[in-house]
There are 2 protein chains.
Amino acid sequence: MNKNTAVTIKDIANALNLSASTVSRALRGMPEIHPETRQAVLQLAEDMDYQPNQLAKNLVKSRTKTIGLILPTLSYHFFASMLNSIEEAAMQAGYSVVVCQTNESYLREVAQIQNLLHSQVEGVIMSLARDTSDFEHIYRLQRKNVPLVIFDRYSTDIDASRVIVDNHEAAFKATQHLIENGCQRLGCMAGPPHLLISNERLRGFKDALEHYGLPYNERYVFYNDFTQENTMMQALNMMSLPTPPDGILTMTDRIAFATMYAFKQKGIRIPEDVAIVSFNNDPTCIYLSPSLTSVNQPIQEMGAQVVRLLLKQLENDQPVVAETIVLSTQLMIRESSMVEGRKK
Amino acid sequence: MNKNTAVTIKDIANALNLSASTVSRALRGMPEIHPETRQAVLQLAEDMDYQPNQLAKNLVKSRTKTIGLILPTLSYHFFASMLNSIEEAAMQAGYSVVVCQTNESYLREVAQIQNLLHSQVEGVIMSLARDTSDFEHIYRLQRKNVPLVIFDRYSTDIDASRVIVDNHEAAFKATQHLIENGCQRLGCMAGPPHLLISNERLRGFKDALEHYGLPYNERYVFYNDFTQENTMMQALNMMSLPTPPDGILTMTDRIAFATMYAFKQKGIRIPEDVAIVSFNNDPTCIYLSPSLTSVNQPIQEMGAQVVRLLLKQLENDQPVVAETIVLSTQLMIRESSMVEGRKK
DNA sequence: AACGTAACCGCAAACGTTTGCGGATGATAT
DNA sequence: ATATCATCCGCAAACGTTTGCGGTTACGTT
């Protein structure tokens, strides 16, 4: 029931006694059109409020000018914000983006990819779901030659362009910060064990311990599934160990929030009893009591790079080799890790 | 550089010595095709991994099966979550959604609408930007007969389907809750003065005061622009009044977060010195200290209704009259409003 | 044997653009 | 006057579908 009578190129052509092709060329400002007639065409197009039919245009050029974005969820600030910056960058390049959420489910991820293919996106940008450890659906995508770039949650099993953050370094520095503030027994609330990004951070954690001659103990690392209940339980379990940690690195602010919540209920004080540093720098970090120190990722920059890499693939005819951009992070130090009088 | 050699309906037709039309009909399971040949077509389509070209399909049916969603921002949990539920409902109906953010700017709102029209969405769902008080761009949308539904931030100047929440009632109850917990001097942190939804809530606030015989004083209501700095300043100004309020209703969790933050820095205790109740029930409400009581909106339900209303317009040929759905809310009572021993 | 009627399928137009090629026109050079 | 050449524009095909209409079969009826 949309505009039953939209004005087309032919309408303009008829009104001016021109051919459709001339009008088309005039509208696009091609050189082989007399300035006068071009002017007439543009004028009339304006008057008739001509809107080019994208559908037709798309068909002949077989381009849709849309890209697909697959995210684990939008209720994490990080991803919502990435959508923000990606959408901004895409718009500037004349693309629109359709978003899908996997809700961390592998099945939904393959379904969403299917949907995107079906709606003929020119390329896809994604961050892996918590539950995906098989990549056949992604290989299929690549076999169809649709340009792909992955950010944040990536996998080395996927040969695609990616923009990530130096997770090892970030975790190393975060852990270093805890140690230099006097923490001796460090614990880690990690993500699911098959999530590469979590393992990278864990490795940074481990290396920092080693570097400072502190013991690394598997019992002090918990792998959770990003749910609140699960993390609260694990957090309490961690503090019930014979010698509970006095500092914890959490993989994500959401995890930190939940553990802080659990600790508060049990009367465990932060940072006095245990310091916390986390990842993502959610804007609400500053609103908590204590405020949460967290590593900040350059979201704007990441979004810009992501679409840059995608565009590079989209607008080059020859296949372009996968490229990985590693950005650096910044530790935002706040109350949750400021341990007075505990420096060693 | 996408699949340079995608398999088309004609390929199947040639391979089977059929005509394109037959293949087309077979694929769509139309009755006038012999089961045998249909089977053959389906089989071959499967084997050749035939993917219908949406572009062509769209062109002839002049439908894009996509809807546009215009949001003020995605960094508010409420909107991110609405996107979530809208996208879910749309997907189930076979539509994909392209999102745009206005970043609260009127100019961006008109630009985004332009973009959406340009990319041929079949309908649009939106929530008004903070800064829009002129609706010409929306009227233009309607003149083009593109189905529209507005949620949350609406305006009575726009004759479109909408799904909203009973803001008056919600604010009334929230204020009632403050009063019944012993607050006597109530303040309100409102939104921009031209935002209808904020005024509705303000009216509920006022009516509750009146109902309980408490004085309403303009000096106790501040209209802010949703920015952190602005609200922090206003919040402190409010507490600097000769007789500062002992209870505050804030229009949104973000405003509450910022005022709580400001109060914390100034040593103003919540809820002892001043109680707070807010809107939106952001998931981080429970993580704050004190946890924040807030009115919850049925986001899932809102999303479902929004797309239901849009679909109704999309799939009916006759224009359908605007409809407004009013859902009810739920006050989630938490620490920020639990004033012990102050009951009157 | 002739006819009517389903059942099945193909032709061609249509959707609104873009684009290669060639045609007409007029000016310029010979 | 003719040949040459730009300049400007139209023809028609193409993109991959869908769909109204008409054509061919094959079968059962009389």
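Labels below follow one simple rule: chain letters A, B, ... track the order of the sequence lines, proteins then strands, and each chain is numbered from 1.
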- Which part of the nucleic acid, if any, lies within contact of B:L59, taking any heavy atom under 4.0 Å across all strands shown: a base, the sugar-phosphate backbone alone, or nothing? base
- Query: So what does A:K61 touch, heavy atoms closer than 4.0 Å: a base, only the sugar-phosphate, or nothing?
  - Reply: sugar-phosphate
- Query: Touch check for B:S62, heavy atoms < 4.0 angstrom, all strands: base, sugar-phosphate only, or nothing?
  - Reply: nothing
- Task: Determine, stepwise, if the pair B:Q39 / B:Q43 fulfils side chain to side chain donor-acceptor pair (under 3.5 Å).
- Result: CA-CA 6 Å; B:Q39 197 44 48; B:Q43 184 58 254; over 6 Å; no
- Roughly, in whole Å, what's the span from NZ in A:K57 to C1' in D:dA14? 17 Å
- Please figure out whether B:Y50 or B:R25 has its closest DNA chain D nucleotide nearer the 5' end. B:Y50
- Task: Classify the angle between the aromatic ring planes of A:F78 and A:F151 as parallel (below 30°), tilted (30 to 60°) or perpendicular (above 60°).
- Result: tilted
- Message: Classify A:L18 by what it touches in the nucleic acid, base, sugar-phosphate, or nothing, heavy-atom distance under 4.0 Å.
- Response: sugar-phosphate
- Message: Using a heavy-atom cut-off of 4.0 Å across all strands, would you classify A:N17 as base, sugar-phosphate, or nothing?
- Response: sugar-phosphate
- Is a donor-acceptor contact shorter than 3.5 angstrom present between the side chain of A:S21 and the base of D:dC11? yes
- Task: Classify the ring geometry between B:F79 and B:Y76 as parallel (under 30°), tilted (30 to 60°) or perpendicular (over 60°).
- Result: parallel
- Query: Over how many whole Å does the gap from A:L27 atom CG to D:dC9 atom C1' extend?
  - Reply: 15 Å
